[in-house]
2 protein chains.
Amino acid sequence: MSIIVQKFGGTSVGSVEKIQNVASRILEEKNRGNDVVVVVSAMGKTTDALVGMAREITSRPSKREMDMLLSTGEQVTISLLTMALIQAGQEAISYTGWQAGIETESVHSNARIINIHTEKMTAQLESGKVVIVAGFQGMTPSGEITTLGRGGSDTTAVAIAAALKADRCDIYTDVDGVYSSDPRYIKGARKLPSISYDEMLELANLGAGVLHPRAVEFAKNYQIPLEVRSSLEKVEGTYIEEEASMEQNLVVRGVAFEDEIVRVTVFGLGNALTGLSSVFTTLARNHLNVDIIIQSQTDKDTTNLSFSIKEHDLEEALSVLEKNQDELGFTHIEHERDLAKVSIVGSGMISNPGVAAEMFEVLAQNDIIVKMVSTSEIKVSAVVDQVNMQKAAGVLHTAFKLDAVKVEEVTL
Amino acid sequence: MSIIVQKFGGTSVGSVEKIQNVASRILEEKNRGNDVVVVVSAMGKTTDALVGMAREITSRPSKREMDMLLSTGEQVTISLLTMALIQAGQEAISYTGWQAGIETESVHSNARIINIHTEKMTAQLESGKVVIVAGFQGMTPSGEITTLGRGGSDTTAVAIAAALKADRCDIYTDVDGVYSSDPRYIKGARKLPSISYDEMLELANLGAGVLHPRAVEFAKNYQIPLEVRSSLEKVEGTYIEEEASMEQNLVVRGVAFEDEIVRVTVFGLGNALTGLSSVFTTLARNHLNVDIIIQSQTDKDTTNLSFSIKEHDLEEALSVLEKNQDELGFTHIEHERDLAKVSIVGSGMISNPGVAAEMFEVLAQNDIIVKMVSTSEIKVSAVVDQVNMQKAAGVLHTAFKLDAVKVEEVTL
């Protein structure tokens with residue numbers, strides 16, 4: 001008997017009717033003879049509504065209290081979904097994050113899972129029940145409720161799959177798979193039948209949005225095969241596994257993009273040796289995620305540092321740095337808003353030098369100025385003006401031959 | 001330094017604005033130099049909305065899953081109220097029922113508190129924080145979320161007051177005290193300055209609705225002085241304490257009434273000796289609350305039994321009894337709907353015989369037929385047709401001189 005973990009996102013459980021639809025998808029899997037654990041998010045716009053109430057009270061809500069507030073969203077979904085399964089004649093039981101044994105570090109609003117105590121879930125599966133778990137949430141060893149950050153339900157699902165040694169983890173969502181780029185913006189974007197963990201990881205980190213990056217990391221580390229598929233249509237989705245089995249000939253597999261990027265530049269760091277680490281240690285201590293980092297030495301005594309950060313973290317980042325100006329020893333800070341990041345991803349890049357050069361050439365031919373660059377073995381990211389984001393993604397998608405040309409459509 | 005427990009009901013926290021108002025009431029108490037623990041219910045119509053969603057899915061939702069669902073309501077309130085206090089500069093922390101150490105028996109939807117582990121609350125009070133606790137909910141020793149039944153937030157508040165040896169427990173509500181009868185229906189009903197636990201207990205049990213009976217029981221057992229007062233107006237409420245200090249001369253202190261009563265009659269119980277206990281053991285085992293019980297022996301071998309029950313428990317009571325017909329040994333069951341219970345309460349009755357007789361005479365003079373009767377040392381209840389309920393309460397209120405005649409209104 002196989003263990004299958006299924007994850008349904010907020011759109012998939014957005015109404016009572018949709019919850020009943022999800023129940024029937026779960027039953028199909030259970031009736032195939034598998035043990036099923038289901039992870040769900042909050043219903044549709046619930047999280048936004050809760051955030052809205054908090055904002056009416058304060059512009060800077062306590063992170064602990066936000067976790068307390070937001071974690072109610074999934075708790076509503078798990079109980080309703082469990083009722084729907086019981087109503088359909090299938091024994092089921094709901095667990096909040098803490099009841100399911102999901103232990104996290106003691107950080108609010110963005111905690112990482114450190115352990116999953118599976119005893120309860122295993123006992124319920126053995127008794128024939130479907131186990132419905134609240135995604136996105138966990139508990140610290142001292143009994144505090146934490147959340148994993150937006151998209152954390154994916155992480156919950158994959159982490160449970162790893163802990164239970166599940167055979168597969170299916171991520172049901174409102175799109176039917178992973179695309180070569182976002183089809184809402186890029187004409188010709190097409191669904192990929194499969195993709196490797198590393199490629200997906202780069203795409204997830206780059207804002208492709210289908211899957212939470214931490215979830216992909218977990219899946220890669222524990223070798224959990226994922227399938228991203230539609231909760232509405234019964235069609236094949238995209239498999240994510242160790243080696244993408246098809247289309248090895250494509251150097252670039254996808255183009256991702258992300259807006260609301262800000263470039264922050266710290267000028268005149270006195271100590272070139274320790275300046276870099278102390279700035280980023282200070283930011284990390286405040287749980288501010290920095291993306292691209294560029295260091296430049298203007299003369300032998302002072303260093304300038306640029307980094308990119310999400311718009312919503314800007315205010316806190318500036319305030320943290322300014323508070324520590326004396327200790328960090330810089331002269332002043334500047335920032336540039338309204339930027340975006342466009343990235344090409346593909347494991348074929350490792351054996352194909354010159355991909356970055358080709359990317360920059362394509363952007364230059366289209367009069368798009370590159371402001372920051374970051375590369376890994378399987379991706380190249382360029383920061384451009386936000387107004388150029390969609391255009392940049394489109395021309396790269398075409399240049400790297402990602403436009404859909406299905407075999408059956410080829411006419412001679 | 002005193003410890004004060006405050007409880008705010010659903011209407012008092014029905015909107016973000018009202019939550020901010022509650023925060024300022026808490027601050028007033030805290031600023032008097034007291035340690036404050038606050039117990040809150042779900043916001044306004046939240047519980048009804050959650051029940052509505054469950055009903056869309058199933059007509060008989062699992063009680064465990066209902067507890068899972070409903071307990072989210074208070075969790076939303078505690079986090080928002082805590083944010084409001086922090087925003088106002090007062091350190092505060094929210095706790096769900098399980099975090100606050102509220103341990104209950106393993107019964108869903110109507111659990112009783114069996115213990116309160118106060119370590120966390122005490123530590124937070126000592127650090128100067130206001131502690132905000134979700135009412136109405138607790139946790140079983142095995143980690144299941146339970147609820148205490150409607151009105152259970154009162155019980156949470158009083159139980160916490162007892163466990164922390166609080167100096168007072170203030171029940172803030174949308175009325176400004178305990179009345180001699182329900183002023184919405186009975187002209188001349190007036191606010192009582194004080195009332196004894198026993199009188200309040202009878203009133204609470206009789207459906208006066210201001211305070212949950214279990215809460216009053218707890219308060220009596222642990223001698224916690226209660227004050228029922230308005231969350232909106234700053235006026236004196238009603239004190240509930242061991243001996244009502246005023247108006248000892250009044251024999252009857254209040255008139256309570258309650259609709260949706262059904263009389264069930266079980267005919268032909270074969271075994272007069274064990275029939276009574278076995279019927280009610282069967283009902284109790286299914287957590288069905290029976291109120292008035294009347295037994296009559298028609299001949300020496302068979303017994304008929306009548307009992308009153310709330311309308312919403314009727315279906316389950318009938319099904320439970322019919323399922324056990326062979327074992328219980330009765331011939332058939334009948335029931336009569338659309339009844340109501342009207343009761344007079346007052347500790348002065350103990351030393352005033354003839355109060356019950358006077359009650360029946362008043363009802364008879366007004367052509368109101370009494371269908372069942374129940375008495376205790378300090379109350380007399382009569383079951384009447386529901387259409388007569390309000391009239392019965394009104395004539396009794398007048399007959400026992402409960403109509404308001406304020407001293408300043410007396411003209412000579």
Side-chain angles (χ1 to χ4, degrees), chain A residues 15-17 19-20 23 42-43 46 49-50 52-89 91-96 98-101 117 119-120 132 134 139-140 142-145, chain B residues 15-17 19-20 23 42-43 46 49-50 52-89 91-96 98-101 117 119-120 132 134 139-140 142-145:
Chain A
S15 66
V16 165
E17 202 186 354
I19 284 174
Q20 285 165 326
M43 290 172 71
T46 306
L50 292 170
M53 286 200 284
R55 297 276 168 207
E56 275 187 70
I57 285 172
T58 171
S59 58
R60 287 178 73 90
S62 143
K63 286 184 174 178
R64 178 189 186 278
E65 299 304 328
M66 279 306 281
D67 283 358
M68 180 67 85
L69 180 65
L70 296 183
S71 62
T72 62
E74 295 79 34
Q75 195 172 327
V76 168
T77 319
I78 56 170
S79 55
L80 293 176
L81 180 54
T82 304
M83 287 177 198
L85 282 167
I86 294 172
Q87 172 72 13
E91 279 194 294
I93 187 164
S94 67
Y95 284 138
T96 61
W98 58 270
Q99 286 179 322
H117 307 274
E119 304 77 15
K120 276 189 175 182
I132 311 288
M139 183 171 79
T140 70
S142 68
E144 294 283 288
I145 294 175
Chain B
S15 66
V16 165
E17 201 186 355
I19 285 174
Q20 284 164 328
M43 292 172 72
T46 306
L50 293 170
M53 285 201 284
R55 297 274 168 209
E56 275 186 69
I57 286 172
T58 170
S59 59
R60 287 179 74 90
S62 142
K63 286 185 174 178
R64 178 188 186 277
E65 299 305 329
M66 278 307 281
D67 283 357
M68 179 67 85
L69 180 65
L70 296 183
S71 61
T72 62
E74 296 77 35
Q75 195 172 328
V76 169
T77 319
I78 56 171
S79 55
L80 293 176
L81 180 55
T82 304
M83 287 177 197
L85 282 166
I86 294 172
Q87 171 72 13
E91 279 194 294
I93 188 164
S94 67
Y95 284 138
T96 61
W98 58 270
Q99 286 179 323
H117 306 275
E119 304 78 16
K120 276 189 175 184
I132 311 287
M139 183 170 80
T140 70
S142 69
E144 295 283 288
I145 294 175

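Computed over heavy atoms, backbone and side chain alike; hydrogens, waters and symmetry mates excluded. Below, chain A is the first sequence line, B the second, and so on; all start at residue 1. Predicted model only: the values in this text are computed from it and were never measured.
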Pairwise distance CE(A:M66) to CG(B:L80) - rounded to 0.5 angstrom: 9.0 Å
Interatomic distance, B:L69 atom CG to A:M83 atom CE [nearest 0.5 angstrom]: 5.0 Å
Test side chain to side chain donor-acceptor pair (under 3.5 Å) applied to A:S15 - qualifying residues, sequence neighbours left out: none
Option that, when pairs with chain A are counted at under 4.5 Å, heavy atom only, ranks first among B:A54, B:G143, B:G73, B:S79: B:S79
B:I78 side, atom CD1; A:M68 side, atom CE - distance, nearest 0.5 Å: 4.0 Å
Partner chain A: residue of B:T96, B:I93, B:L50 with the largest heavy-atom pair count (under 4.5 Å): B:I93
Side-chain heavy-atom pair A:M53, B:I19 within 4.5 angstrom cut-off: no
Residue part contacting chain B, namely of A:Q75, when any heavy atom lies under 4.5 Å: both
Nearest-0.5 Å distance, CD1 of residue A:I145 to OG of residue B:S94: 8.0 Å
Interchain contact, B:I86 with chain A, by part (heavy-atom threshold 4.5 Å): side chain
A:Q99 portion near chain B, given a 4.5 angstrom heavy-atom threshold: side chain
Atom pair CG (B:L85) and OG (A:S62), whose distance is rounded to the nearest 0.5 Å: 11.5 Å
Residue part contacting chain A, namely of B:E56, when any heavy atom lies under 4.5 Å: both
Segment of A:R60 engaging chain B (4.5 angstrom heavy-atom cut-off): neither
Chain B contacts, top residue of A:K120, A:R64, A:Q87, A:E144 (heavy-atom pairs, under 4.5 Å): A:R64
